[in-house]
S.K.: 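Provided herewith is a single structure, encoded as structure tokens, for subsequent inquiry.
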Protein chains: 2
Amino acid sequence: MQNQIEQKCRDAGLKLTGQRRTIAKVLTEATDHPSANELFKRCTEIDPRISLSTLYRTLRVLEEARIIQSHDFGEGYARFEVAKEKPHDHLIDLVSGDVHEFNHPDLERLKQFIAKEFGYDVVRHRVELYAIPIKSSQSKRRRVRS
Amino acid sequence: MQNQIEQKCRDAGLKLTGQRRTIAKVLTEATDHPSANELFKRCTEIDPRISLSTLYRTLRVLEEARIIQSHDFGEGYARFEVAKEKPHDHLIDLVSGDVHEFNHPDLERLKQFIAKEFGYDVVRHRVELYAIPIKSSQSKRRRVRS
DNA sequence: CTCTCAAATAAGAATAATTCTAACTTGCAC
DNA sequence: GTGCAAGTTAGAATTATTCTTATTTGAGAG
């Protein structure tokens, strides 16, 4: 019952405290992209002795160790997820706040191509699509797909 | 001489105060993507009687009126630019902080395509390339696409 | 198992960008 | 010129996050 994050902490030489185990558990079990506040709620539900500072520090440490990844979707706070092998981009549902992940090879090629035209190498990028669900029952939209 | 922003303020039914004229002038003359702080410096150089609150409120009002556009490049503060007819994306020079604008039709097509696969319509998007200059060859610097 | 101590934690203060408050101006329609 | 809604000012408030300081703890060594 040792989760992925606990093993990675060990590998990174991080102490495994009770708080970290709890945070690791919550992060591992999250299927969404929770904010620090949301994570704090879930953590204190398991163990109320966790302080917000500890959560924030742990999140920072875990991100520095590349174990988790934080995102800023322009909501005024960060959202977190366990780092995946493949980097990916996000589609944010403007109605529900749900986040979908995607990775399109054309996009990767395109960004390198564009950067090269300016004389740059892309170090990292941010691609976020803010979108609303297509209502299938509704008549076809007038705007034709491009 | 009446600049673009002043006319647009008039059209939007906004009062043209001395402070707004100064802010409009500074924004119009900026060729970079200045932060609120940087804008404040430039404004107070022209007229020291402008307060930071006024600047922030004016920036908000101007953005709501679609006269300017703010961006969050993950630096902890916003950057502003006069709204252009065509929306565009940004390449941020990680060394100098310079911002280059681009617009690639393939990217527009691709984002719609990806969203449609998830059953969504893209309302807006954010594409930012964080990059470093290619050192070896001077290649294609200063190439501007609109 | 105990000792040790660097690393981690708790609680709350500090920070920084931005927004709000409340009392005072001012642009501009009449 | 007047009236008043919109704008301004200075500073307080807000909010996510980081820092400080005293205290606790994980885990390696003995």
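Chain letters run A, B, ... following the sequence lines, proteins first, then strands; residues in each count from 1.
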S.K.: Please report, rounded to the nearest Å, how far the P atom of C/dA17 is from the CZ atom of B/F73.
M.R.: 17 Å

S.K.: How long is the line joining CD of A/E38 and C1' of D/dA16, in whole Å?
M.R.: 16 Å

S.K.: Do you know the tightest heavy-atom contact between B/H88 and B/N103?
M.R.: CA-ND2, 4.3 Å

S.K.: Which heavy atom in A/T44 sits nearest to a heavy atom in A/I50, and how many Å separate them?
M.R.: CG2-O, 3.9 Å

S.K.: Rounded to whole angstrom units, what separation is found between the CD1 atom of A/I50 and the P atom of C/dT9?
M.R.: 9 Å

S.K.: What integer distance in Å separates A/L52:CG from C/dA8:P?
M.R.: 18 Å

S.K.: Starting at CG of B/L55 and ending at C1' of D/dA10, how long is that distance when rounded to a whole Å?
M.R.: 15 Å

S.K.: Could you check how far OH of B/Y77 sits from P of C/dT18, rounded to whole Å?
M.R.: 10 Å

S.K.: Can you check whether B/Y56 has a side-chain N or O nearer than 4.0 Å to OP1 or OP2 of C/dT18?
M.R.: yes

S.K.: Report, as a single string ordered 5' to 3', how protein heavy atoms within less than 4.0 Å touch nucleotides 19-30 of chain D: B base, S sugar-phosphate only, - not at all.
M.R.: B-----BBS---

S.K.: Can you list everything that forms a ring pair (Phe, Tyr, Trp, His ring centres under 6.0 Å) with B/F118? Sequence neighbours excluded, please.
M.R.: A/H100

S.K.: Sorted by first residue and then second, give each ring-ring contact (aromatic ring centres under 6.0 Å, His included) pair with at least one member in residues 22-44 of chain A; sequence neighbours left out.
M.R.: A/H33-A/H90

S.K.: Looking at A/K84 and A/E101, is there a salt bridge between them, counting it only when a charged N and a carboxylate O are closer than 4.0 Å?
M.R.: yes

S.K.: Give the rounded distance in Å between these two atoms: CZ of B/F40 and P of C/dA17.
M.R.: 13 Å

S.K.: Can you tell whether the side chains of A/E108 and A/K111 come within less than 4.0 Å, N to carboxylate O?
M.R.: yes

S.K.: Between P on D/dG7 and CD on B/E64, what's the gap in Å once rounded to a whole number?
M.R.: 11 Å

